[in-house]
Amino acid sequence: VELNFRISRDRDAAEAAHAVEIAKQPSAPYESDPHFIAAMAEARKPRSTGDMYFAIDAYKKANKIAGGKCMDCLRQMVTLEMKIGRYKDAAATAAELTPIAGTPMDKSVAEALRGEALYSQAGEKPKPAQLQSIDEVLKAALLDYPQNLTARFMDGTVLARMGQMDAARQ
């Protein structure tokens, strides 16, 4: 119980530090642009599965207005692309997200999203080269932020699929 408390306390401290870093960052000028606001409102409308394509297009439009720097737009695009099975597009979008990430935690999350998309794209019987490239992406995510549990779990899964059981257990 004490170990779980310590882990929880460390994670809470890391999240608090991340929130402080985000608060220090000035808001982007595009956030007050009426065209950006309208595009985001259109993208956030509740949608059925068939309309997810329109939401992705609206997020693309908002990101274009933001000069390709809207992290929320890109994250939402990755999520929607994964839901509809466009894994290659999701991986490409996550790759766009990585260079604009403001903190190591954000960069790690973007890399983990990319790894998840690549893993899904590889399908039921991935080739060893695919697994190796996914492992590299996830290892980069863990280097940026070692507490990224999603990246750690995905990397363990990939290592197990590669037959590296001892490394997967770590």
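All residue numbers in this chain count up from 1 along the given sequence. Keep in mind that the numbers below use all heavy atoms, side chains included, and drop hydrogens, waters and symmetry copies. Since this is a predicted model, take the numbers as computed values, not measurements.
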message = Is it the case that the side chain of Asp51 and the backbone of Phe54 share a donor-acceptor pair, with hydrogens and angles ignored and the cut-off at 3.5 Å?
response =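 No: the side chain of Asp51 does not pair with the backbone of Phe54.
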Note to self: According to salt bridge (charged side-chain N to carboxylate O under 4.0 Å, His left out), does anything in residues 110-122 pair up with another residue at least two apart or in another chain? List the pairs.
What the structure shows: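 Output for this query is empty, none listed.
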ask   = Which pairs count as salt bridge (charged side-chain N to carboxylate O under 4.0 Å, His left out) when at least one residue sits in residues 123-135, sequence neighbours excluded?
value =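 Sorted pair list: Asp135-Lys139.
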Straight-line distance of [X] [atom1] to [Y] [atom2], nearest 0.5 Å:
X: Lys83; Y: Ile56; atom1: NZ; atom2: CD1; result: 10.5 Å
X: Asp155; Y: Thr150; atom1: CG; atom2: OG1; result: 12.0 Å
X: Leu118; Y: Lys88; atom1: CG; atom2: NZ; result: 11.0 Å
X: Met154; Y: Leu142; atom1: CE; atom2: CG; result: 11.5 Å
X: Met40; Y: Glu31; atom1: CE; atom2: CD; result: 9.0 Å

Next on the checklist: Can you pull out every side-chain hydrogen bond (donor to acceptor under 3.5 Å, both in side chains) where at least one residue sits in residues 157-169? Sequence neighbours excluded, please.
Outcome noted: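 Qualifying pairs, neighbours excluded: Tyr119-Arg161, Asp166-Arg169.
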Residues in side-chain hydrogen bond (donor to acceptor under 3.5 Å, both in side chains) with Glu81, at least two apart?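 Counting only residues at least two positions away or on another chain, Glu81 forms a side-chain hydrogen bond (donor to acceptor under 3.5 Å, both in side chains) with Thr93.
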#### Entry: With Asp57 via side-chain hydrogen bond (donor to acceptor under 3.5 Å, both in side chains) - residues at least two apart
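For Asp57, no residue satisfies side-chain hydrogen bond (donor to acceptor under 3.5 Å, both in side chains) once neighbours in sequence are set aside.
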Transitively linked via ILVMFWY side-chain contacts under 4.5 Å: Leu80 with Tyr53?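 Yes; Tyr53 is reachable from Leu80 via cluster members.
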Quick one: do Leu113 and Ile84 end up in the same hydrophobic cluster if we chain Ile, Leu, Val, Met, Phe, Trp and Tyr together by side-chain heavy atoms under 4.5 Å apart?
->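 Yes, Leu113 and Ile84 fall within the same hydrophobic cluster.
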Heavy atoms only: give me the nearest [X]-[Y] pair and the separation to one decimal.
X: Ala95; Y: Pro99; value: O-CD, 3.0 Å
X: Val137; Y: Gly115; value: CG1-N, 3.7 Å
X: Ser108; Y: Asn148; value: OG-ND2, 2.8 Å
X: Leu138; Y: Ala112; value: CD2-CA, 4.2 Å

_In the structure I gave you, are the side-chain heavy atoms of Val109 and Asp106 within less than 4.5 Å of one another anywhere?_
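Not in contact.
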Suppose we screen for side-chain contact (heavy atoms from CB on, under 4.5 Å). Which residues come up paired with Ala160, at least two apart in sequence or across chains?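 Scan of Ala160 (side-chain contact (heavy atoms from CB on, under 4.5 Å), adjacent residues dropped) gives Met165, Ala168.
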query: With sequence neighbours left out, what residues match Ser120 under side-chain contact (heavy atoms from CB on, under 4.5 Å)?
result: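 Counting only residues at least two positions away or on another chain, Ser120 forms a side-chain contact (heavy atoms from CB on, under 4.5 Å) with Met82, Tyr87.
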Under 3.5 Å, side-chain donor or acceptor atoms of residues 58-78 against the rest of the protein: list the pairs with distances, not counting sequence neighbours.
unit_1: Asn63; atom_1: OD1; unit_2: Cys70; atom_2: N; d: 3.1
unit_1: Asp72; atom_1: OD2; unit_2: Arg44; atom_2: NH2; d: 2.5

Next item on the list: Please name all residues satisfying salt bridge (Lys or Arg N to Asp or Glu O under 4.0 Å) with Asp89, sequence neighbours left out, ordered by chain then number.
Entry: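 Listed in chain order: Arg86.
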Subject >> Phe153: partners by ring-ring contact (aromatic ring centres under 6.0 Å, His included), with sequence neighbours left out >> reply: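 In terms of ring-ring contact (aromatic ring centres under 6.0 Å, His included), with neighbours along the sequence ignored, Phe153 is linked to no residue.
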